Amino acid sequence: MGDVILRVNDLKTYLFLASGTAKAVDGVSFTLERGKTMGIVGESGSGKSVTASSIIRLLPRNTGRIVGGEIEFDGRNVLRLDKKELMEYRGRDVSMIFQDPMTSLDPVFKIGDQMVEMILAHQEVTKDEARNIAIDALKKVGIPNPESRMNSYPYELSGGMCQRVIIAMAISSKPKLVIADEPTTALDVTVQAQVLDLLKEMQKHQDTAILLITHNLGVVWDMCDTVMVMYAGKTVEYTTAKRLYAEPQHPYTWGLLDSMPKLSDESKSHLAAIPGTPPDLRLTGECCNFHNRCPYALDVCSNKVPELIEVSDGHFVACHRQTGKEKLTREVKI
Amino acid sequence: GCGNKATPTTPVTPTTPTKAEIVVPGTPTKGGVLTVSLTASPKNLDPVKYTGTYESQIIQNVGDTLVSYKMDLSEVIPNLAKEWSISEDGKAYTFKLRDDVFFHPGKYQTGRKMVAEDIKYSLERSFKLSAMKRLDMIESVEVVNDYEVIVHLPEPNAVFLTALTNSGNIIVPKEEVEGWGDEFGNHLVGTGPFMMKEFKLDEEAVLVRNEKYWAQVPHLDGVTFKVITDMSQNANALRTGEVDFASGLTGEAVKVIREDANVKLLETPGLHVAYIYFNQVSGPTKDKKVREALIKAVDINELVKGVYQYGEAKPAALPLPPGSWGYDESLVSQVPTYDPAAAKKLLAEAGYADGFKTTLYISNTALRIKMGTILQQYFKTNLNVDLDVQASEWGTFSEIASKGNAEIFAMSWTWYPDPFFFLNKIFASSAIGSLGNGQGYSNPEVDKLLADALIATDQDERATMYKKALKLIVDDLPGIFYANENVTWGISPYVQGVVQRADGSIFLCNTEVNAWKVAK
Amino acid sequence: MIKTIINRLLQVIPILLVVVTMTFILTRMVPGDPAATMLGPQASAEEIAKLRDQLGLNDSLIKQYFSYLGDLLRGNFGKSYSYNKPVIDLILNKLPNTLLISITSLVIAVLIAVPIGIISAVKQYSIFDYVAMVLALVGVSMPIFWLGLMLVLVFSVNLGWLPSLGMGSMDNGLWDVIVHMILPVSCLATIPAATFARITRSSMLEVINNDFIKSLRARGIKEWRVIFLHGLKNALPPIVTVFGLQLAHAFTGAILTETIFAWPGMGTLIVGAVENRDYVLIQGAVLFTALVFVFVNLFVDMAYMVINPRVTYEGTKGGA
Amino acid sequence: MERRKDQLGRDAHSEMLKKERRANSAWNMLKRNKTAMFGLGIVCIMLFMVAGANFLAPYDPNALKLGSTYLKPFSAGHILGTDEFGRDLLSRIIYGSRISILVAIGATFIGGLIGVLLGLVSGYMGGVIDSIVMRIMDGMLAFPFVLLSIILMTILGTGVFNVILAIGIANIPSFARIVRGQVLIVKNEEYCNAVRVIGASGPRLLFSHILPNALSPIIVYATLNVAGAIISEAALSFLGLGITPPTASWGNILRAGKDSLNTAPHIATISGIFILLTVLGFNLLGDGIRDVLDPKMKK
Amino acid sequence: MEKKVILSIRNLSKDFRIRGGSFLEKPKTLHALSDVSVDVYEGETLGIIGESGCGKSTFGRCIVKLHKATSGEIIYNGEDIVGKTGPELKKLRKELQIIFQDPYSSLDPRKTAGKTIEEPMIVHEMNDPKTRRERVLSLMKEVGLDSQHTHRFPHEFSGGQRQRINVARALALEPKIIVCDEPVSALDVSVQAQVLNLLNDLQKAHDLTLIFISHDLSVIRHVSDRIAIMYLGKIVELCKAEEIYTDPLHPYTKALLSAIPPESPFEKKERIQLVGEIPSPIGERKGCSLATRCPYVMDRCRVETPELKEVKEGHRAACFLYF
Ligand SMILES: Nc1ncnc2c1ncn2[C@@H]1O[C@H](COP(=O)(O)OP(=O)(O)OP(=O)(O)O)[C@@H](O)[C@H]1O
Ligand SMILES: Nc1ncnc2c1ncn2[C@@H]1O[C@H](COP(=O)(O)OP(=O)(O)OP(=O)(O)O)[C@@H](O)[C@H]1O
Ligand SMILES: [Mg+2]
Ligand SMILES: [Mg+2]
């Protein structure tokens, strides 16, 4: 066990909506070590972003509330931070990078001003020093002419540049953890590659831990040490990336892996799509959420919530079929 | 008779027994600026260009006319002219001028003496330029010497002297008029008790005392005329002390002022007739029977009570105000009185047993609308006549009414005490097409009498002719002459010496009056 | 920026042309004769005819229209029939007074309403929010003249605190003018204030639900900075637009308010012009009001450019 | 057990969806919005007054009783008192609602109809037509409203229909602008391209797809506009250009009340309150509808 | 195996005029598509790939005549369809359909699924109302929608289902060619698989020709027979699907391939960095559009524009490295 920076245990975050309570996050557990990268994958709406928002305690006002579980960051209980500590926690300890770079910068302020504002908020420096820090950070992320770029408005930059600015901001205060919520989904592949490289670079220099949320398994393979698979608000599988690729255990993970078309795949045969749709998050909670789409479902699956069990060292799975005696094996199709 | 009638000599006294009036000392003191509110905005103070009575209120305090009306309007008295004589044929008027009259100092003269040339200049200017044709009866003005002029008329005209009293005919200095040109109205210069200091359009006109006024030195330091178009605000301003003198109060404002112990209400019968005029040429009202039925269907007393709820008017019967010397009390009994049954019968005789539909055109003022609403009710219940009330603003109303397009219209008329200004303007055939006789009244006998009365010079002789004409008119039942409004002023008790005239003119200082303001 | 302004100025021309033409047609359609109205009830038909001739009203409409246009091009707005004065003088005399109360009332409305709107948005669904918004609704629902008279009754007549009318005079010091402005300005400010409060709230709500606000919070920026700096600046454009529209409304509202408070502004002029069928003056007044409207909107657009850097370049930027 | 099994099954899910659809239907969302329901309540009461004036009004609204003018509220037989002619104020308010609300709705309808058509055509056609129509609309907008109404009223003359027409005409440009803006957005939506691709005609696209999708803001604006039109009617009456007497409208009751503010303050106050309430009602309702329609518009 | 050319695109260009903020400013020209030529064979799937803004959608839209091409020819059934209008165009619409990228915005939110699918038939006056309704049901069944869903509105469907409605609408006219403009990029991986499978099945069943646009190389690779790679409004490489992985020629293709994330955590990739930003398509350009970013750039590339030429049998590239 290395140096754990973030530990999330059985996190439950519910959204209290007019039409009912959506259990957006309903039992998520994982640990993240310093300097490592963890990926969270899962279908759209499975609660990835809500998990991330819970970690920095920025839930939708009025509706979202953390109702259970623990979040521990660097030995501190995040759920108990007061307002002031929270301000320092956000931005200084943890930085967040959102999916769409264009919408995560204030459109009517120059990027330089926004960077300086953030630096001033967390570091005891003068305005000029903050400016220099910002320019340095921009240089690091490979933005040409950082001095003049400081005076650009976000719309004057391309998506990739904006994302680099955001990364520059994220690293300027040397956070211990960067949460990247789908940081490259809005970008082209070539730009995506650059941004990912940049993240890796930053991690190498600052020994930052990264929590990377993505749809794209390829990105996970490229970046992550460990992976958590989420389905309908729950952690269904959690292990190292290599092990997940080589010996995935949860039937949902299998579906996920199989439904991705492969570049090297010659055949134009059918992709293994997972039939059906994910459940409504207001209805989950009393059974295995995947049972109605699972080809291997047993009676017990519709009665009992499977627990997240460590089936082998560092490999957690929440599936009734994998914790019993008779384990399922994946029909591997190449 | 037509109910209680007010005679011109009976003053209307404000009587609210509960009101504890503020009593202020009655000896004149010098000083103080009097603030007077006007209910409409004076636009152009150039005497030949002014059109509204609000303008004349200011002009007549700045300038003097050759002759003027006595404050009780009983006769024309000397003013700038000491005396005058009329030639035998009535075509030449010789005026002897005062020699102690000075113009206000202005930009183009320094307050020189007024001389006969100025009379010539001013009167001829009015003759030529006045849009209102205030002096269209003259031919020429002849200067005899510095203090004597002769005005020649092409034919005798009985109202010439009256016309001279109009503030459009004040005497002005040529230098100033020509110096200022179009701007003269903003820098009016005359010979009157007050000098114009500043004129702010739609806002106020500031006048200051003329120390060299020939008649007497005004007590007041000055007068400020303020424009307040909203009637309730007029009353409010008087009550808050923002103005000292609110002219032309109507409606509730009258009551508010009457009941406020801190301010006084002055009322006097006006030279005013409010009337409903039937179309004489077309429509059902062409038939005299129908007109009689309509007249009989309305209880004038009730109507007036309903319209003038605060006692701002008296019921009337004749098309002349009691204050005019042509008025003939004896004719009042000739006017049909309220008799719904007879009215119904008459209407049936005229062939409208089931009533008919007709339209009343009025301008959209509160008083007129009230009248229309009540009239509607009378016509409907007593005659089953459906009266559609069309209230439009003045421009539209006058267009319809003067073109003879209204079956019935209602308005009011107020002018000089000379009957000419009522009867000739409203009933002479020659006036058809103007708003006065928009309904096309035409009676050759009346026309003759009116024409003769205009050239006769003797007032008694004229009065007889007008009374004859009035009788003929009343017999023709041209309309319902239902009310004489009072001239109603609200005034602060600290203001003294103000005299009300039946024509509503405000004179703050002349040969007869000199108002003053007591310091609080 | 300069180009955009010039461009906007060019666009003003067709609008003004429409306004001028419309006014011309409309005024000529209004029944009633300027000459007759001017001369009053006692005038005779022949007097009226003479005056019509003097005023040039006997020319064909087409001729009148083009001669009016020609005069306009030469910067001549004509001469008012009823005042017998150049229209331009009349307007330049009154316009500042109207602008004084309409702009003051707008500024006050903004100063009061924008903070209220912001707090309402931030504390959405709180008691403050509900009370503020219901008051705002009552504010927009208020007939302005009714409000005006009530204000006078209470503050001038009954309490005697404030003058009920007029403009006061600088001769008596600035304070005199200010005191006179209080009632008309409060009367005029009510509706804009209510509108600003509502628009600020909704615009703010939209902005604070944006991703970048979440990002700012995630960066640990202080809440007041997030709301009042970033939030407000982003929420400003609709507020600025409404400011422009409200100025036009305040202008119109001023017509009623001025009547009540005897404020010597465009209101008296315009109502009087219509009543007197003073075609030239109506035309001039409308043209100037339209000019004010158009220029205010021009300023609004410029303000937009300053607030929102994107607007200037909109459209010139293509591709990714 | 069996039910549990179906927990995440198709039936349960479609049941859920149905429930949600019901809950998210515009009406139900509106029902949850308390202020909007309050507004709707007021509007309904007003409409009830309009419809049932004959039964509700205790007196003939135009019957004069010159003996009992200016009775105070709660006088015997006259709950709201009487006016300057002794007419029952309650009856006049009730009948006045007919005129005021008819005028407001009528004016909104006229302004809306013409404005929507102009906006549709100009937004859809673009180019020269757009420029011409919009310049005219700008010109009308730049024309001071009160003046436009005064002039229109003077041209048209008094009377209910003319009041409707005058206010309606004055409302055209705002409608046209809103619709045009909306059309410009909607016509570039992908689903409109989809309709073009299947070969649909212009009118079909315009009326079957663009118009329905541009409608929500128009409905909202129309509700708010009704409120504005009530005030406009009152303002016209205030200037003496409104409805001809003796017909009651809130505006002319208010105006007459203004002339007796000292003697009978209740007249102006009561009519003012009715105007205020109705305007408030329509505004609340309009706001509510906007809130309901908004999230969907964004998606 | 000689395949029949169903659609032949010759030197197709599309410029957009970008009007400045004011009408004093000179409008600029954006070259969204310049001089594109390609043949589409009957029954095949032609994949188009390229980065955002390179003109893929413009290409698709020109084909279905949502855009009017600035120059060039689109020859369908031996006729140039670029200038067609009126009834001729309407007839053409039946044959050429498109499925849009965003399943959410491409359905009229106020029309039920049934109405949406029925509308093309109404427009083209196909069948009587009753058969039309039957056909709607059969189409829905074919794309895998429940017949209960006819009366539902778009917002009541999931993204995958919505895309199925789009497919059904396109199929209603029995077209020969369907342009699929990124039909799955807005969808989740698992749903993406469902839709890809559906398209695959339908193509077989109806003998459709598909022009499939995507920015995801694995998807393109999976569905296409041939692939065209676009860069800044031009096709830079055109080859059989297999060859793109095994034998990419154009430097841009190579860079693209190297930028794609690995397929397993065991695979380590060597990236070909494309330095610099993608140039703007606005204004005139000279030389190869990749010249600013290409690692193999030669002097020639900056002045001359390479044409798309056959480098090998059935494999074309536009790069001076090969000629
Ligand atoms: N502000 C919100 N209001 C209501 N529901 C929300 C809100 N945010 C998220 N949800 C719901 O919570 C659930 C989880 O959302 P979340 O954003 O975490 O999913 P995700 O895994 O990040 O999906 P994606 O991959 O699409 O980003 C979803 O059902 C979503 O609809
Ligand atoms: N209607 C239009 N007006 C002006 N420019 C346009 C228009 N449509 C597209 N463009 C421009 O043309 C270029 C090509 O656009 P296109 O939509 O074809 O790209 P794309 O390859 O489909 O991109 P994406 O992957 O983002 O969908 C872009 O620069 C775009 O901004
Ligand atoms: Mg997410
Ligand atoms: Mg595209």
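This one's a predicted model, so the numbers in the text were calculated from it and none came from an experiment. Throughout, protein chains are lettered first and strands after them, A, B, ... in sequence-line order, and every chain is numbered starting at 1.
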Exceeds 12 heavy-atom contacts within 6.0 angstrom, atom NZ of Lys90(E):
yes
Rounded to the nearest 0.5 Å, how far does CZ of Arg93(E) lie from CZ of Arg196(D)?
9.5 Å
Mind checking the CG-OG spacing from Asn188(D) to Ser105(E)? Nearest 0.5 Å is all I need.
11.5 Å
Within the structure provided, determine whether Ile122(E) and Arg204(D) are in side-chain contact (heavy-atom separation under 4.5 Å).
yes
Is the count of non-hydrogen atoms from other residues, nucleotides or ligands lying under 6.0 Å from Phe153(E) atom CZ greater than 12?
yes
Main chain of Ser208(D), side chain of Lys111(E): is a donor-acceptor contact present, judged purely on distance under 3.5 Å?
yes
Should the heavy atoms of other residues, nucleotides or ligands under 6.0 Å from CZ of Arg98(D) be counted, would the total exceed 12?
yes
Closest non-hydrogen atom pair, Pro109(E) against Tyr191(D)
CD-CE2, 3.4 Å
Please report the closest heavy-atom contact between Ala194(D) and Ser106(E), naming both atoms and the distance.
CB-O, 3.9 Å
CG/Asn166(E) to CD/Glu190(D) distance, rounded to the nearest 0.5 angstrom?
9.0 Å
Determine yes or no for a side-chain-to-main-chain donor-acceptor pair under 3.5 angstrom, with Arg169(E) supplying the side chain and Val195(D) the backbone.
no
Which of Leu96(E), Ile99(E), Leu89(E), Leu107(E) touches chain D most, by non-hydrogen pairs under 4.5 Å:
Leu107(E)
Quick one: which of Asp108(E), Val123(E), Thr116(E), Ile98(E) has the most heavy-atom pairs under 4.5 Å with chain D, could you say?
Asp108(E)
Can Ile198(D) and Gln97(E) be said to form a side-chain contact (heavy atoms from CB on, under 4.5 Å), step by step?
CA-CA 7 Å; Ile198(D) 60 171; Gln97(E) 280 298 308; 3.9 Å; yes
